[in-house]
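Worksheet: the structure to be examined is printed underneath.
For ligands, and for the atoms within them, numbers begin at 1 and follow the listed sequence.
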Amino acid sequence: MIAHVNGIDLSWDDVGAGVPVVFLHGFPLDRTFWKPQLSALIAQARCIAPDLRGFGDSTPAAPYSMDQYADDVVALLDHLGIDRAVIAGLSMGGYVAFALWRRHRERVRALILADTRATADSAEGLEKRRALLEVARREGSGAVATRQLPTLLGATTRERNPDVAEWLHLMMAMQPVEGVAGAIEAMMARPDSTPDLATITVPTLIVVGEEDTLTPPSDAAAMAGAIRGARLETLTLAGHLAPVERPAAFNHIVAEFVASLVYC
Ligand code: MLT
């Protein structure tokens, strides 16, 4: 589906019925990343997966920032007539979830933070982003995909699941280079969300792959320690893209969490 919001065409999938859950993809992915979740969770939840601006079928258009991505999600909720939703963000999607919490917390029913972190980029991280931005501008999204993918997948997936790696490489290589470059700059400029963690008052589930080297289990534990009542789940045999590396285990945890919200 496509709607014109905030001056762009925003594309999304919307399946199932029940508690609305908005799935925010990571970088440099798109809404189809969440296919294993949408196909499994339709009986438990209304699953909404947008393409963030500049990814998938959503228009590449400045400005790019975590705040703008968050405002686009809220514009989509308005378009759909949804008051509050569970916000599930993977990695960069988690950075967007933090922006959503800062700017529109009344729209957040609960949070699912998957393979993400609250901190901003370190000096070394910023250096790596500058290099990646160069690659994106000089060689395009395919080169970004080739460079990024090995760091995203866990060692077990790299060794045992070439089909997932191939599927993800294709998805990453297809992204419009303007959106990819815009997202790199947006991530570089994102603020430290650590001070916001203590303000989170909604039920929060944190999931991390044990083999995640980009946002490792120590980052997840730090967030869980700072968010009151947060539940932390660590998935063995999964890396930074746990939802597609261990889909059945991830879906089970999310389904249980969403079901538990009736008691909160
Ligand atoms: C992602 O998966 O969204 C990215 O790895 C996030 C990042 O590079 O910080």
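- Protein residues lining ligand 1, listed by chain and number: Gly26, Phe27, Ser91, Met92, Tyr95, Arg117, Arg129, Leu152, Met187, Leu214, His240 [non-hydrogen atoms, distance under 4.0 Å].
- Under a 4.0 Å N-O distance rule, the pair Glu256/Arg231 qualifies as a salt bridge.
- Pairs engaging residues 212-261 under the ring-ring contact (aromatic ring centres under 6.0 Å, His included) rule: none recorded [sequence neighbours left out].
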Taking only distance into account, with no hydrogens and no angle test, what donor-acceptor pairs under 3.5 Å do side-chain atoms of residues 77-89 form with protein atoms, sequence neighbours excluded?
| from | atom 1 | to | atom 2 | distance (Å) |
| --- | --- | --- | --- | --- |
| Asp78 | OD1 | Arg107 | NH1 | 2.9 |
| Asp78 | OD1 | Arg107 | NH2 | 2.8 |

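- Side-chain atoms of Asp115 and Ser91 include no donor-acceptor pair closer than 3.5 Å.
- Within the structure, the ring-ring contact (aromatic ring centres under 6.0 Å, His included) test picks out the following pairs touching residues 40-72 (sequence neighbours left out): His25-Phe55.
- With salt bridges taken as basic N to acidic carboxylate O contacts below 4.0 Å, none links Arg130 and Glu134.
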